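Report on one structure; see the data block that follows.
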Amino acid sequence: MRTGVYVCHCGTNIAGTIDVHALIGYAGSLPGVALAREYKYMCSDPGQELIRQDICDYKLDRVVVAACSPHLHEKTFRQAVEQAGLNPFYCHMVNLREHDSWVHADKPAATEKAMDLVRAAVRRVKWHVPLERRQVPVHAEVLVVGGGIAGIDAALTLANAGKHVYLVEREPTIGGHMAQFDKTFPTLDCAACILTPKMTAVKAHRNITLWTYSEVRQVEGYVGNYSVTVRRKPRYVIEKLCVGCLECIQACVYKQAKVPDPFNLGLSKRKPVYIPFPQAVPQVVAIDPETCIEFKSGKCKKTCVEVCAERNAIDFKQQAEIQTIQVGAIILATGFDVFDGARIPYYGYGLYPNVYTALEIERLVNASGPTGGEVVLRDGRKPASVGIVHCVGSRDLHTNRYCSRVCCMYSLKLAHLIKEKTGADVYNFYIDIRAPGKAFEEFYNRVAEEGVVFVRGKAADVYPAGNGDGRLIVQAEDTLLGMIRKIPVDMVVLATGLEPRADANDVRRLFNIGCSGDGFFLERHPKLAPVNTFADGIFLAGCCQGPKDIPDTVAQSGAAAAQALALIDAGVVELEPNTAHVLEDACSGCKTCLPLCPYSAISFVEEKKARINEVLCKGCGTCVAACPSGSIRQNLFEDEEIFEEIDGLLASAAVGGGPVRIQGDL
Amino acid sequence: MGTCEVTLESLPRYPEGKEILTCIQCGACSGTCPYGEVMDYPPRRMIAMMRAGMLEKVFTSDSLLACVACYACMAKCPRGIRLTEILLPLMKEQTLTHLPELPGELQKALQNTLRYGNPMGEPSRKRAAWVKTAGVPIRILAEDPRPADALWFVECYTSFYPRGQDNSRATARLFHRLGIDFAILGNEEKCAGECGRLTWEPGLFETLMDYNMAVFQKYRFNRLVTSCPHAHNAFKNRYPALGFNWGLEHTTPFLAKYLDRLKPLLARKLDCTVTYHDSCCLGRQNEFYEAPRQLLQAIPGVKLVEMVHNRMNAICCGGGGGGMWLDTYFKAKGYERLSERRVREAVATGADVLAVSCPYEVSRFEDALKVAGYDKQMVVRDVTELLAEAMED
Ligand SMILES: Cc1cc2nc3c(=O)[nH]c(=O)nc-3n(C[C@H](O)[C@H](O)[C@H](O)COP(=O)(O)OP(=O)(O)OC[C@H]3O[C@@H](n4cnc5c(N)ncnc54)[C@H](O)[C@@H]3O)c2cc1C
Ligand code: SF4
Ligand code: SF4
C-alpha cells in the first residue's frame with residue numbers, strides 16, 4: 001500500500017490551531033504511508049497539482065486529504081485523484097477544520113485529535129475498492145410550481161430554450177401578488193403593463209402546459225427522473241370550451257355580487273361564477289361550489305348554462321383530474337403570504353375599519369380595483385391624512401425577526417400614490433428606511449421632496465381619537481425629536497411583512513427539501529448556491545426562498561431556469577456509488593428492511609429476496625444497520641472500512657490508557 | 001439570573017445585558033409608556049444614554065420615578081429587551097439613591113412595611129381581624145396547623161382596607177362554596193414585598209422574603225393562592241431563589257379552573273354592563289387575559305364590553321412600581337393621574353361596573369371616579385366580588 005497524506009492549512013483556519021508540522025511528521029510514520037505533505041490551500045490549483053504529480057511520481061495508490069468538510073471539497077479531491085489515473089474512491093477526506101480546529105482551543109489536544117483522525121483515515125482507506133459512478137438519462141421536461149412572477153419568468157425562459165414546461169398554479173389564474181399591484185417601485189411602471197404580456201405569453205407558448213387551479217400531490221424519483229402527480233381541481237367549467245366572454249357572470253341569477261372577493265381582499269364582492277380579475281390567464285371562469293345555488297339545492301334556473309348555450313362550457317358534474325408527469329428538474333416558485341395585521345392587537349386591524357393593510361391599498365389605488373383606483377375610506381370619504389406604519393410583522397421577535405425587505409419601498413410607493421390621488425398628508429412611521437437597490441434611494445428622495453412626512457419611531461399604538469371625530473391616533477415616539485407624537489389620521493396603512501406560505505412545511509415535505517429558521521425554503525448555500533436546494537434537481541425562485549422585490553425575484557428565476565437547463569442539457573446525471581446492495585445468498589427474506597427505507601428503494605423479488613434499486617437508494621444506511629442477518633452491504637461503508645476506521649481512531653487510547661471501553665449497545 | 005445581586009455594572013456580563021445592546025432605538029417603548037411624555041429619559045433614551053456613557057445624567061433626573069412598572073414597554077419591544085423586569089428596576093435604584101430625599105408618602109409606606117409588614121402601618125396583630133366578618137369558617141394555620149391544599153396568601157390591602165376586605169370576604173365565600181380545602185396565615189402573614197422591589201428597596205424586599213419563607217416552611221400545603229397580582233409576581237419570579245417551590249395561583253385564574261362547578265352556583269342575575277381592566281402583572285406579565293373574562297361572562301345578566309385599550313394594550317392604573325404611594329408627588333409635578341385616564345376610557349364604554357383583579361385598583365379607581373365626577377355612573381368591583389354577589393346563599 002502506498003498512501004499519500006495531505007494536510008491543508010486552510011490559511012490559519014487549521015494551521016492556527018493544529019501543529020501541522022507535527023501532524024505530517026506523525027502521518028509519515030504510519031504503516032503504509034509513502035509520503036505526507038502540508039500545503040497552505042490544498043484545494044487551490046497548485047494544491048491539487050501536488051497530489052496529481054505525487055500519484056505519478058511516487059506511484060501512490062491511496063490518498064488521504066485532511067482539510068475541511070467533504071461537503072465542500074470531496075468532489076474536488078476525488079476529481080484530482082481521478083485525473084491522475086486513480087479511481088476517485090481511493091481518496092478519503094478528514095474534516096480537520098469543522099471537527100477539530102474550529103471547535104477546539106487547546107492546541108496540543110487538537111493536534112493529538114488530528115493525529116487520531118488521520119490515523120483512522122489511513123487505516124480505513126486501505127480497504128477502499130474501486131467504484132464506478134453510474135449515469136442515468138435525464139428527462140428533458142421541467143415542472144414549475146407556482147405561477148407568480150417568479151414561476152412565469154422561469155417557465156418562459158425554459159420554454160424559449162426549447163424545453164417543455166409544466167406550470168402548476170394553485171389559483172384559477174397565474175400572476176401571483178404582482179397582479180394585485182397598480183404600480184411598482186422604484187420606477188412606478190404599471191404592474192399590469194409589464195406582467196400581463198408575460199402571462200399571455202405563458203398561455204400561448206407551445207412549450208408550456210399551463211395547469212391552473214391545480215396542486216402537486218406526490219413527488220417520486222430522483223434528480224433527472226422525477227415522477228410527479230398533479231391534481232387538477234374542478235372549476236366546473238371546461239377550459240377548452242370556455243371562450244372567456246364572461247356572459248355567464250352577467251347572466252347569473254345573483255343580480256348582485258354577494259361573496260367577498262379574495263382577489264380584492266374582501267373589499268368588493270363577486271358572484272358564484274367569477275373570473276379573478278379582467279386580465280386573468282387563462283381567460284376562463286370558475287364556479288365556486290360553496291356559494292353556487294345549483295350546488296346547494298340543485299334547483300337553480302342555471303341562467304349561466306342558458307347563456308353559454310352551444311358553447312356548452314359549464315359542467316356541474318366536473319370531477320378532479322389526476323395527471324402524472326415525468327420531469328428532469330423542478331423549480332419551486334410558491335411565493336409568500338402577507339403577514340396577518342390582526343396578529344398585532346395594538347394596531348387595531350380588523351377592529352377599526354379605517355385600518356388597512358398595504359395590499360388592500362394596492363387594490364384601492366389600482367384602476368381595475370374595487371374603487372376604480374380611488375383611494376377612499378369604507379364610507380366613501382377621501383382621507384385627508386394617512387399614517388403608514390412600517391415593520392408590521394417584521395424585525396420583531398414577537399412575530400418575525402427578519403426584515404421583509406420590500407415594505408419600506410412599497411410604503412414609499414404607496415405614500416406617493418396616495419398623495420397623488422388624494423392630496424392627503426401622509427406620515428410614514430418608520431424605524432429605518434431601507435432603500436438599498438438600484439434607484440431606490442433616489443426614489444426615497446423624490447417622495448420626501450413631494451412632502452411625505454417621515455416620523456422616525458415604531459408606531460406604539462393606534463386608537464380612536466377621544467373627541468369622536470372618527471379619526472385614529474397613531475402614537476409613536478419621534479425618536480429624532482425625542483418627543484411622543486400623537487398624530488390624528490383618517491386612514492392607517494399597515495406595511496405588513498412577507499411570511500412563508502402557511503403550507504410551506506407541507507410543500508417542503510412533499511419535495512423533500514428544507515426550510516431555514518425563518519420558515520422560508522432553504523437554499524443549498526446562501527452565497528454560492530442560492531437557487532439550489534439540498535435535493536438535486538430541485539431549484540428555488542422568488543419569495544418562497546425569502547422576501548425580495550420583483551427585480552431580485554426575476555434575477556433568481558433566471559438563475560433557477562439556467563440551473564435546470566444545465567442539468568437537462570447534460571442529458572445524463574451521475575449517481576454517487578455509495579448505495580446499498582443485498583447479498584442475495586445471505587438474505588433470509590425477513591422483510592425487515594422493506595418498510596424502513598425512506599425512499600422506497602427496496603422491493604421483493606420472487607417473494608424471497610430483498611432487492612435494492614440503486615437508482616433510488618440515497619445511501620442513508622438504514623437498511624444496512626437493520627438487516628438482522630447482515631446481508632445488506634453499502635459501498636464506501638463496508639463493515640471492514642468502518643471497523644478499521646474505529647480501531648484506528650481508538651488506537652492511541654488503547655495504548656496509553658489501558659483497554660478501550662465502549663459504552664452502550666453496539 | 002433570578003437573583004437580586006445584578007447591578008448596572010455587572011449587567012453587561014449577563015445575557016440580559018447583551019440583550020440591551022440589541023436595542024434598535026425604535027422608540028416603541030417610550031411611545032407606549034403611559035408616562036412617556038413626562039419622562040426626561042423614557043426607556044429608549046435611557047438606553048441611548050447608557051451607550052453614550054452618560055447614565056449619571058439620567059440619574060440626576062427624577063423622572064424615572066414615574067415608571068409604574070406596567071410592562072407595557074417590555075411587551076412591545078421588538079427585541080424582547082426585559083425592560084420592566086431587569087433594566088428599569090436597576091435604573092430606578094440609582095435614581096432613588098441620587099434623590100436628596102424620598103417622596104414622603106413613599107418613604108412612609110416603605111417604613112411601615114418594614115416595621116409592621118404592611119404599607120399602611122396597621123398593627124400586624126389586627127391583620128386577621130376581618131375573618132370574623134366573613135360569614136364562613138376560615139382556618140388560620142397558627143391555630144390549626146393541619147395540612148391544607150391551598151394556602152391563601154391574603155395580602156395587605158385585602159386584610160386592612162374596608163373595600164379590600166370585601167374582596168377577601170367574597171373570596172372566602174367562593175372558596176367555601178366550592179369546597180376548597182384552604183387556610184390562611186392570619187397575623188403571621190406579612191407583605192410579600194413586591195412593591196419594595198419595584199421601588200427598589202432591595203434590603204426591605206429581602207427581609208420580607210426571608211420572613212415569609214420561614215413561615216411557609218412551618219406548614220404543609222400544596223399550592224399558594226393570592227388575590228394580589230404583585231404578590232403573585234414576587235412568588236413567581238423572586239421567591240424561587242429562596243426555595244419557593246409550591247404551586248402558585250392567582251385567585252382569578254384559579255377560580256376560572258372551577259368554572260364548571262361555579263356556574264350552577266351563580267343563580268342571581270346581576271343585570272349590569274361590565275368592562276374589565278387588565279391588571280398589568282396579571283395580564284401583560286402572565287397573559288391571563290381570558291380567565292377573568294370567562295368568569296364575568298358566566299355571571300347571569302352581565303354584559304361584557306371592552307375598553308379601547310385592553311388585554312396586552314391595557315393602560316396601567318398607575319399603582320405599580322411604587323406609584324401607589326406617589327400620587328401626591330406626581331400631582332405636585334403636574335402629571336396626569338393614570339387612574340383618571342383609565343376611568344375615562346372605562347366610562348366611555350357605557351359600562352356601569354369596572355371590574356378588576358388587583359386589590360390596588362379598587363381604591364385607585366374609586367378615587368379617580370370621584371375626582372373625575374363619574375362616581376354616580378360607575379362602580380368598581382373585584383371579579384370575586386361580582387361572583388360572590390351572583391352566588392345565592
Ligand atoms: C404590498 C406589497 C407591495 C409590493 N410592491 C412591490 C413593488 O412595487 N415592486 C417590487 O419590486 N416588489 C413589490 N413587492 C414584492 C413582490 O410582491 C414580490 O417580489 C413578488 O410578488 C414575488 O413573486 P413570487 O412569484 O415569488 O411570489 P408570488 O407573487 O407570491 O407568487 C406565487 C404564486 O405561487 C402560487 N402558489 C403558492 N403555493 C402554491 C402551491 N403549493 N402550488 C401551486 N401554486 C402555488 C400562488 O398562488 C402564486 O400565484 C410588493 C409586495 C407587497 C406585499
Ligand atoms: S441504504 Fe437507505 S436508501 Fe438505501 S436501500 Fe437501504 S434504507 Fe433504502
Ligand atoms: S422598544 Fe426595545 S428596541 Fe425599541 S427603543 Fe425600546 S428598548 Fe430599544
Side-chain angles (χ1 to χ4, degrees), chain A residues 339 342-352 355 387 389-404 427 429-434 454-468 471-487 497, chain B residues 19 22-49 61 63 66 70 72-83 278 283-284 287 289 306-315 336 340-342 344-349:
Chain A
F339 177 81
R343 276 172 58 196
I344 301 185
Y346 48 91
Y347 290 154
Y349 181 72
L351 187 63
Y352 308 128
V355 179
V389 174
H390 288 224
C391 297
V392 180
S394 305
R395 303 187 69 191
D396 185 343
L397 56 71
H398 300 105
T399 53
N400 295 307
R401 279 172 178 267
Y402 54 83
C403 163
S404 289
Y427 302 88
F429 297 87
Y430 71 99
I431 308 175
D432 300 292
I433 294 286
R434 298 196 161 166
F454 291 89
V455 179
R456 194 205 171 273
K458 184 174 163 73
D461 202 1
V462 172
Y463 54 91
N467 59 10
R471 289 193 173 193
L472 293 163
I473 305 287
V474 183
Q475 183 171 319
E477 186 193 14
D478 188 326
T479 59
L480 301 179
L481 289 180
M483 65 185 271
I484 311 299
R485 298 185 68 182
K486 299 175 180 174
I487 299 179
Chain B
E19 210 173 72
T22 68
C23 167
I24 47 172
Q25 292 287 299
C26 69
C29 47
S30 318
T32 201
C33 174
Y35 273 144
E37 277 167 300
V38 303
M39 288 184 189
D40 296 328
Y41 299 100
R44 178 196 64 82
R45 294 193 74 194
M46 210 165 61
I47 292 178
M49 294 295 274
S61 153
S63 73
C70 72
C73 52
M74 193 169 113
K76 289 185 187 171
C77 171
R79 287 300 193 252
I81 298 172
R82 269 163 287 177
L83 296 159
D278 290 274
R284 272 189 287 271
E287 302 193 344
Y289 297 122
E306 293 292 348
M307 286 181 264
V308 164
H309 290 91
N310 61 67
R311 295 183 169 83
M312 71 85 72
N313 206 23
I315 296 173
E336 181 196 10
E340 287 173 35
R341 193 189 293 179
R342 193 58 172 152
R344 276 196 296 276
E345 268 202 3
V347 168
T349 61

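These numbers come from a predicted model, not from an experiment. The chains referred to below are lettered A, B, ... by the order of the sequence lines, with proteins before strands, and numbering in each begins at 1.
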- Among B:Arg344, B:Glu345, B:Met312, B:Arg45, which has the most heavy-atom pairs under 4.5 Å with chain A? B:Met312

- Could you tell me which portion of A:Tyr430 (side chain, backbone, both or neither) has an atom closer than 4.5 angstrom to a non-hydrogen atom of chain B? neither

- Heaviest contributor of heavy-atom pairs below 4.5 Å to chain B, chosen from A:Met483, A:Arg456, A:Arg401, is A:Arg456

- Task: Using non-hydrogen atoms and a 4.5 Å limit, figure out which bit of B:Cys77 sits close to chain A: side chain, backbone, both or neither.
- Result: backbone

- Tell me, do B:Val308 and A:Tyr352 make a side-chain contact under 4.5 Å, heavy atoms counted? yes

- Query: Closest heavy-atom contact between A:Gln475 and A:Ile484?
  - Reply: CG-CG2, 4.1 Å

- Task: Any chance you could measure B:Ile315, atom CD1, to A:Asp461, atom CG, to the nearest 0.5 Å?
- Result: 7.5 Å

- Item | Atom group of A:Ile431 that falls short of 4.5 Å from chain B, counting heavy atoms | side chain

- Message: Quick one, A:Arg395 and A:Asp432 - any side-chain contact, counting heavy atoms below 4.5 Å?
- Response: yes

- In B:Pro43, B:Pro78, B:Cys23, the residue satisfying side chain to side chain contact (heavy atoms under 4.5 Å, CB included) with B:Cys29 is B:Pro43

- Query: Given that the side chain runs from C-beta out, which part of B:Ala348 has a heavy atom under 4.5 Å from chain A: side chain, backbone, both or neither?
  - Reply: neither

